[in-house]
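Contents: one structure, followed by commentary.
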Amino acid sequence: MIRSVLAGLLLVSTASGAYAADVPVMTYHEFPPFVTEQGKGLTYALADYMTKKSGGKYTFVVEAMPRKRLDTALAEGKAVVVPWATPAFFGDQDQTKYKWSATLIQDANAVVSPKAAPVEYAGPESLSGKTLGGVAGHRYGPVDALVDGGKVKRDDANSELTNLKKAAQARIDVTILADTAARYLIKSENLADKLHVSATPHSKYERRLFVAGPDAELAGFIAKTVEGMASDADWKAISEPYLK
C-alpha cells in the first residue's frame with residue numbers, strides 16, 4: 001500500500017514538471033567562446049537557455065570532451081544533443097543520420113597572421129613556404145595536402161590561444177581557427193594591434209544542433225526552440241558577450 005502511494009506521488013510529480021529529464025549536451029568545442037572556463041561559456045549559456053525554454057521538462061547538462069570520445073558515444077547510440085555542429089563534419093551531408101536544427105550561427109575558419117607580415121588568404125597555395133600554427137589532432141582541409149607535400153611547415157600547439165600568441169610574436173607565419181574563437185580571443189587578450197585577419201577566410205560554414213537517438217519529442221523541442229532564437233531578445237542578450 002505504502003509503495004503504491006509513493007509510486008502515485010512520483011507519477012504526479014513527474015507529470016506536473018517537478019522532475020526534469022537530464023539531457024547530455026556533448027561538445028568537443030572546448031575553447032572560447034564555447035567554453036571560456038570550467039562551467040562557463042556560450043555552450044553553458046545555450047544549455048541554460050534551453051533548460052528554461054523547456055519549462056521544467058528538460059535539464060540540459062554540458063559534457064565537454066575530445067572529439068574521439070564524442071564519436072564513441074554516438075557510435076554506441078547514446079541519446080544526446082550536440083551543439084555547434086555541421087552536417088559535413090559528422091558524415092551526415094544528407095541530414096538523415098541525425099535530427100538537425102536550423103542554423104544557430106554563421107561561422108568561418110579565419111586565417112590569422114602577424115600584423116607585421118600580413119597574409120591574405122587566396123587558396124591553399126597562398127600559404128606555400130609558410131609555417132602554419134596548428135592544434136594537435138586538427139585537420140585543415142586542402143592545406144593538409146601542402147603540409148604532407150612539404151610546401152607548408154606545420155608547428156602544432158595545444159590550443160588556439162597559444163597559436164594566436166605565437167603569431168603575435170611572429171613565431172609562426174599563420175594560423176587557422178574558427179572566426180568566432182578568433183574574434184573572442186583577439187579582443188579578450190588585447191591582440192588586435194598585433195594580428196591581421198585575412199579578408200578571405202579559409203572556409204565558411206553554419207553551426208547547428210543535432211539530436212542523436214530516437215527521441216522525436218526532444219528533437220521537436222530543439223527544432224522549435226532554435227527556430228525562435230534569431231528573434232528572441234533573451235537569447236541575443238545571453239549570446240552577445242560571447243559573439244564579439
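Source: prediction; values computed, not measured. This chain uses plain numbering: 1 for the first residue, then up along the sequence. Any value given below was found using the heavy atoms of this structure, including those in side chains, with hydrogens, waters and symmetry copies removed.
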Under 4.5 Å between any side-chain heavy atoms of [X] and [Y], yes or no?
| X | Y | value |
| --- | --- | --- |
| Ser198 | Val112 | no |
| Leu42 | Ser239 | yes |
| Val61 | Pro24 | no |
| Val25 | Tyr44 | no |
| Ile105 | Glu206 | no |
| Leu74 | Phe210 | yes |

### Task
Report the relative orientation of the aromatic rings in Phe60 and Tyr58; use parallel for angles under 30°, tilted for 30 to 60°, perpendicular for over 60°.
tilted

Could you pull out the closest heavy-atom pair between [X] and [Y], with the gap in Å?
| X | Y | answer |
| --- | --- | --- |
| Val80 | Val82 | CG2-CG2, 4.0 Å |
| Thr59 | Ala20 | OG1-CB, 3.3 Å |
| Asn163 | Ala157 | OD1-CB, 3.5 Å |
| Ser159 | Val135 | C-CG2, 3.8 Å |
| Leu195 | Ile186 | CD1-CG1, 3.9 Å |
| Val197 | Glu120 | O-OE2, 4.4 Å |

Any donor-acceptor pair under 3.5 Å linking the side chain of [X] with the backbone of [Y]?
| X | Y | answer |
| --- | --- | --- |
| Asp215 | Ala219 | no |
| Thr51 | Ala47 | yes |
| Ser113 | Val119 | yes |
| Ser126 | Gly123 | yes |

### Task
Go through the steps for Trp84 and Thr43 under the test side-chain hydrogen bond (donor to acceptor under 3.5 Å, both in side chains), then give the verdict.
CA-CA 9 Å; Trp84 320 120; Thr43 303; 2.8 Å; yes

Are any of the side-chain nitrogens in [X] or [Y] under 4.0 Å away from the carboxylate oxygens of its partner?
| X | Y | answer |
| --- | --- | --- |
| Lys166 | Asp155 | yes |
| Asp71 | Arg67 | yes |
| Glu125 | Lys151 | yes |

### Task
Please say whether more than 12 non-hydrogen atoms of neighbouring residues, nucleotides or ligands are located less than 6.0 Å from NZ in Lys115.
yes

### Query
Above 12 or not: heavy atoms from other molecules or residues under 6.0 Å from CD of Gln169?
yes

As an exercise, state the distance from [atom1] of [X] to [atom2] of [Y], rounded to the nearest 0.5 Å.
| X | Y | atom1 | atom2 | result |
| --- | --- | --- | --- | --- |
| Glu189 | Tyr184 | CD | OH | 9.0 Å |
| Phe31 | Thr180 | CZ | OG1 | 6.5 Å |
| Leu146 | Arg154 | CG | CZ | 12.5 Å |
| Ile238 | Asp48 | CD1 | CG | 8.0 Å |
| Thr86 | Arg207 | OG1 | CZ | 6.0 Å |
| Asp173 | Thr131 | CG | OG1 | 4.5 Å |

### Task
Under the side chain to side chain contact (heavy atoms under 4.5 Å, CB included) rule, what do Val111 and Thr175 come out as? Steps first, then yes or no, please.
CA-CA 6 Å; Val111 179; Thr175 188; over 6 Å; no

Please say yes or no: joined through hydrophobic side-chain contacts below 4.5 Å, possibly via intermediate residues, are [X] and [Y] part of one cluster?
| X | Y | answer |
| --- | --- | --- |
| Leu161 | Phe34 | yes |
| Met65 | Val23 | no |
| Leu104 | Tyr242 | yes |
| Leu132 | Leu164 | no |
| Tyr28 | Val35 | no |

### Task
I would like to know whether Glu160 and His138 meet side chain to side chain contact (heavy atoms under 4.5 Å, CB included); could you show each step before the answer?
CA-CA 11 Å; Glu160 288 77 5; His138 286 210; 3.5 Å; yes

### Message
Quick check with a 6.0 Å cut-off and a 45 degree axis cone: is Arg208 positioned over the face of Phe90's six-membered ring?
### Response
no

### Task
Taking the six-membered ring for Trp and the single ring otherwise, decide whether the centroids of Tyr121 and His202 are under 6.0 Å apart.
yes

### Task
Determine, stepwise, if the pair Tyr205 / Asn109 fulfils side-chain hydrogen bond (donor to acceptor under 3.5 Å, both in side chains).
CA-CA 8 Å; Tyr205 48 91; Asn109 281 333; 3.0 Å; yes

N/O donor to acceptor pairs below 3.5 angstrom from side-chain atoms of residues 226-233, sequence neighbours left out:
residue : atom : partner : partner atom : Å
Ser231  : OG   : Gly228  : O            : 3.4
Asp232  : OD1  : Asp234  : N            : 2.8
Asp232  : OD2  : Tyr49   : OH           : 2.6
Asp232  : OD2  : Lys53   : NZ           : 3.0

### Task
Under 4.5 Å between side-chain heavy atoms, chaining through other members, with only Ile, Leu, Val, Met, Phe, Trp and Tyr counted: pull out the rest of the cluster around Ile172, sorted by chain and number.
none

